[in-house]
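Source: prediction; values computed, not measured.
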Protein chains: 2
Amino acid sequence: MTKIAKPPKRQIILEEAAKLFKDKGYGGTSMRDIAGQVGMEAASMYNHIKSKDEILDSICFRISDVYIAHLREVEELPLSFGEKVRVLIRLHIQLMVEDGPAVSVANHDWKYLPNARLTEFTTARRQYEKGFAALIAEGIAAGEFQAVNPTVALFTILSAVRWVELWFQPGRSLSAQELEDHIITMLLKGLEQR
Amino acid sequence: MTKIAKPPKRQIILEEAAKLFKDKGYGGTSMRDIAGQVGMEAASMYNHIKSKDEILDSICFRISDVYIAHLREVEELPLSFGEKVRVLIRLHIQLMVEDGPAVSVANHDWKYLPNARLTEFTTARRQYEKGFAALIAEGIAAGEFQAVNPTVALFTILSAVRWVELWFQPGRSLSAQELEDHIITMLLKGLEQR
DNA sequence: CCTACCGATCGGTAGG
DNA sequence: CCTACCGATCGGTAGG
């Protein structure tokens, strides 16, 4: 008999929880809601997860790890600053499209993490923001970018990319690829005629 | 004895509720939490409000009414499309700075409105988005703006302005005025050197 | 505006 | 993985 990988129940619980947290919020989602989606009793889930907090923790840190890995990779690429920013924007949108519910939870529900972990999460995010802002500042210094406020530019980019979550749905008129192109044009070239 | 206007308790309840909803989410905020901030028992609040739902309703529709009024005013002003978009961005940021918690609730917790009112709210928001997108489309037709996708431009603008909520705090290095200027530059002129 | 209280539901545990 | 159940807390009402 060949060993066949069992579908990991923990994974299923995390995925269903992410969808529910996105739709109803962390506080608005009960363990019984999640259990209902997974197809077991609430009590049974505790064989796979430690607590409701731990579900949130797993989702948030998995996503923040991906963000930081992306940043480190892009920093090492032999590209202009304009190209680096473009790649980061594309990676953001792709992660949102592929892993929407988890990204949404990491963006909105991280604040319900228990205190110790909340500090760690905030630190990780701040580290990401610093690295991204540094790319922008270097691009300005190199004459590639206009002399905007790097922090304002950073948050404008991050927020533009974030709204994709509320807005993008497969089968809508725009493909993910087209959406990336349009957002990049808007952010890098601006709205007004040159 | 001259009649002195009593501080309207209902107002106080709505304000404290908005702050708590912003921080802990609608589902994560209990009537007892709100009562504690207001300084009365939970049961006593029902002399001033009908239900927890009704608190959310009041906050959300007050804000959406302001947004739509702003749009209607700006549409009538004798300005270029570039100037109209600039005015709308400034009004957004100003409302966020002056009425932060309520704007935050209208942006995030509207989805917990009971079904009938949720439809009304979504309709109002869609109406606002349509009007704003039309200004952008007309600006493109008039040759003022680049040929971006109007919907993408709209959401890039709305989301950039929305992040101010998470980010702006009085006494930070930037004033509200400077923040407006920087965001407008970034959105209208773009990041990249011309 | 308060005390007292309702039925429902919460996250989680015991024990199998 | 389930049944049975815990104490705590929820939104809201009765009655004053």
Side-chain angles (χ1 to χ4, degrees), chain A residues 4-61 105 108-118, chain B residues 4-61 105 108-118:
Chain A
I4 295 183
K6 272 181 286 177
K9 277 280 156 60
R10 185 168 208 279
Q11 211 73 17
I12 297 174
I13 291 171
L14 294 177
E15 280 168 26
E16 296 302 327
K19 287 188 220 166
L20 286 166
F21 292 168
K22 174 179 175 171
D23 288 342
K24 324 205 307 174
Y26 181 71
T29 301
S30 71
M31 293 302 281
R32 285 154 180 86
D33 290 335
I34 302 170
Q37 285 299 311
V38 172
M40 51 170 71
E41 293 302 314
S44 306
M45 291 198 299
Y46 288 86
N47 292 301
H48 303 100
I49 52 102
K50 284 209 238 18
S51 66
K52 194 185 176 190
D53 282 347
E54 195 236 351
I55 295 177
L56 180 64
D57 192 283
S58 285
I59 296 169
C60 289
F61 281 89
V105 170
H108 294 110
D109 294 325
W110 58 270
K111 57 183 162 180
Y112 308 120
L113 286 167
N115 245 305
R117 294 293 278 168
L118 193 153
Chain B
I4 296 183
K6 272 181 286 178
K9 277 279 156 58
R10 185 169 208 276
Q11 211 73 16
I12 297 173
I13 292 171
L14 294 178
E15 279 168 27
E16 296 302 328
K19 287 188 220 166
L20 286 166
F21 292 167
K22 174 179 175 170
D23 288 342
K24 323 205 305 175
Y26 181 71
T29 302
S30 72
M31 294 301 282
R32 284 155 181 85
D33 290 335
I34 302 169
Q37 285 299 311
V38 173
M40 51 170 70
E41 293 301 316
S44 306
M45 291 200 297
Y46 288 85
N47 292 300
H48 302 100
I49 51 102
K50 283 208 238 17
S51 65
K52 194 185 176 190
D53 283 347
E54 195 235 351
I55 294 177
L56 180 63
D57 192 283
S58 286
I59 296 169
C60 290
F61 280 90
V105 171
H108 294 111
D109 294 324
W110 57 270
K111 57 184 162 179
Y112 309 119
L113 286 168
N115 246 305
R117 294 292 279 167
L118 193 153

Roughly how far apart are [X] [atom1] and [Y] [atom2], rounded to 0.5 Å?
X: B/D109; Y: B/T29; atom1: CG; atom2: OG1; result: 8.0 Å
X: A/H108; Y: A/K22; atom1: NE2; atom2: NZ; result: 9.5 Å
X: A/I55; Y: A/I49; atom1: CD1; atom2: CD1; result: 4.0 Å
X: B/E41; Y: B/M31; atom1: CD; atom2: CE; result: 12.5 Å

query = Which pairs with one or both residues in residues 46-61 of chain B pass salt bridge (charged side-chain N to carboxylate O under 4.0 Å, His left out), sequence neighbours excluded?
reply =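 Only B/R10-B/E54, B/D57-B/R117 qualify under salt bridge (charged side-chain N to carboxylate O under 4.0 Å, His left out).
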At their closest point, which heavy atom of [X] faces which heavy atom of [Y], and how far apart are they?
X: A/Y46; Y: A/S51; value: CE2-CA, 4.1 Å
X: B/D23; Y: A/K111; value: O-CD, 3.8 Å
X: B/G28; Y: B/D33; value: O-OD2, 3.9 Å

Donor-acceptor pairs under 3.5 Å, side chain of residues 11-19 of chain B to any protein atom, not counting sequence neighbours: which ones?
from  : atom 1 : to    : atom 2 : distance (Å)
B/E16 : OE2    : B/K19 : NZ     : 3.4

key: Those residues of residues 41-57 of chain B lying under 4.0 Å from DNA chain D by at least one heavy atom   =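 B/A43, B/Y46, B/S51, B/K52, in order of number.
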request  = Output the residues of residues 17-35 of chain A in contact with DNA chain D, where contact means a heavy atom of the residue under 4.0 Å from an atom of the strand; sort by number or write none.
outcome  =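 By residue number: none to list.
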key: Check: A/Y112 side chain, A/L56 main-chain N or O, donor-acceptor pair, under 3.5 Å   =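 No: the side chain of A/Y112 does not pair with the backbone of A/L56.
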message = At a heavy-atom distance below 4.0 Å, which nucleotide of DNA chain D is the first touched by chain A, and which is the last?
response =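 Range of nucleotides touched by chain A: D/dC1 to D/dA4.
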task = Assign the ring pair A/F21 / A/Y26 to parallel, tilted or perpendicular, where the plane angle (0 to 90°) is split at 30° and 60°.
result =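 Perpendicular, since the angle between the ring planes exceeds 60°.
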inquiry  = Take N1-N3 plus N6-O4 or O6-N4 for Watson-Crick, N1-O2 plus O6-N3 for G-U, both under 3.5 Å. Which runs of 3 or more such pairs involve DNA chain D?
reply    =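 Correct response: C:1-16 with D:1-16.
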